[in-house]
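As the structure is a computational prediction, the values presented were derived from the model and not from experiment.
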Amino acid sequence: TRDELARDLGGAAGGAAPEGAPGPADEVDSDGEALETCRHCGLPLGEVSYDAGTGCASDHRDCRLVHGECKAQLLLRGMRDDERDRRRREASLKRARHEEFEIGWRAASMPCNAPAAQKLGCDFAPKGLCCLVQHGSRIDVAPTVEPAGAVSLEYLSTALRVRRAEGTEPLFSLDPIEPSRPSQADGAMQLKRFEPEWLAG
């Protein structure tokens with residue numbers, strides 16, 4: 001009709017819609033009757049629609065109807081958001097526990113080879129990794145750049161000390177304990193075990 005043609009041309013030209021005309025969220029059919037549209041994709045709703053719930057962009061109680069497919073997309077997006085929030089909370093808690101109990105490897109906690117090398121009378125000052133080199137029946141300490149062949153001189157010294165004194169290798173483990181044991185008043189769930197016991201200091 002003439003009115004519909006004028007309205008379409010006015011919309012294409014960017015003109016203002018007449019007062020009282022339906023907005024973009026209130027589509028009309030060929031008879032001029034208002035059509036309910038999906039509040040997620042903006043297309044007209046069919047005979048079956050669903051409540052978008054809290055996942056809808058609009059919080060108005062009359063603006064929450066969506067298609068079944070759009071409802072599934074909103075649910076999937078909500079599940080992804082919940083999973084992302086759960087992983088973020090778990091990562092934050094893990095970092096806090098690591099800092100509280102000093103869990104994890106740090107380069108600063110690795111013993112320096114310089115004091116042990118000085119005690120051994122090495123003719124060089126270790127500035128990095130050290131290794132053991134065999135010359136016939138003699139074993140010397142030498143610098144190296146190969147991590148696979150490097151040794152910690154302090155750890156090696158402790159291991160040799162235990163071997164000479166106890167005839168075995170040094171052992172350390174974290175053993176689980178019952179939280180209800182009276183002797184564990186601090187609530188610890190693991191017990192540090194050293195073999196031999198004098199390694200605990």
Residue pairs meeting ring-ring contact (aromatic ring centres under 6.0 Å, His included), one or both in residues 140-175, sequence neighbours left out, come to F172-F194
Is there a donor-acceptor pair under 3.5 Å between the side chain of E166 and the backbone N or O of T168? no
### Task
Step by step, work out the side chain to side chain contact (heavy atoms under 4.5 Å, CB included) result for S173 and L171.
CA-CA 7 Å; S173 64; L171 297 176; over 6 Å; no
Tested for side-chain contact (heavy atoms from CB on, under 4.5 Å) against R97, the lone hit among R95, K94, E100, E99 is E100
Go through E154 and N113 one step at a time and tell me if the side chain to side chain contact (heavy atoms under 4.5 Å, CB included) criterion holds. CA-CA 7 Å; E154 185 172 339; N113 285 324; 5.9 Å; no
Residue pairs passing the salt bridge (charged side-chain N to carboxylate O under 4.0 Å, His left out) test with at least one member in residues 139-153, sequence neighbours excluded, are R138-D140
E69 meets the side-chain hydrogen bond (donor to acceptor under 3.5 Å, both in side chains) criterion, sequence neighbours left out, with none
Check whether any side-chain heavy atom of L199 sits under 4.5 Å from a side-chain heavy atom of V162, and report yes or no.
-> yes
Grouping ILVMFWY residues whenever side-chain heavy atoms fall under 4.5 Å, the cluster of L75 otherwise contains none
Next item on the list: Test V151 against L132 for side chain to side chain contact (heavy atoms under 4.5 Å, CB included), laying out the working first.
Entry: CA-CA 8 Å; V151 296; L132 301 180; 4.2 Å; yes
d(T158 OG1, R163 CZ) to nearest 0.5 Å is 14.0 Å
The complete set of salt bridge (charged side-chain N to carboxylate O under 4.0 Å, His left out) pairs with one or both residues in residues 189-201, sequence neighbours excluded, reads D175-R193, R193-E195
CG of L65 to CZ of R39, rounded to nearest 0.5 Å, is 7.5 Å
Separation between CG (L129) and OG (S152), nearest 0.5 Å, reads 10.5 Å
Which of R87, R88, R86 passes side-chain hydrogen bond (donor to acceptor under 3.5 Å, both in side chains) with E90? It is R86
- Query: Do L45 and Y50 have side chains that get closer than 4.5 Å, going by heavy atoms?
  - Reply: no
Applying side-chain hydrogen bond (donor to acceptor under 3.5 Å, both in side chains) to R80 and not counting sequence neighbours gives none
*asked:* Whether the side chain of H67 engages the backbone of P44 through a donor-acceptor N/O pair (distance < 3.5 Å, no angle test) should be reported.
replied: yes
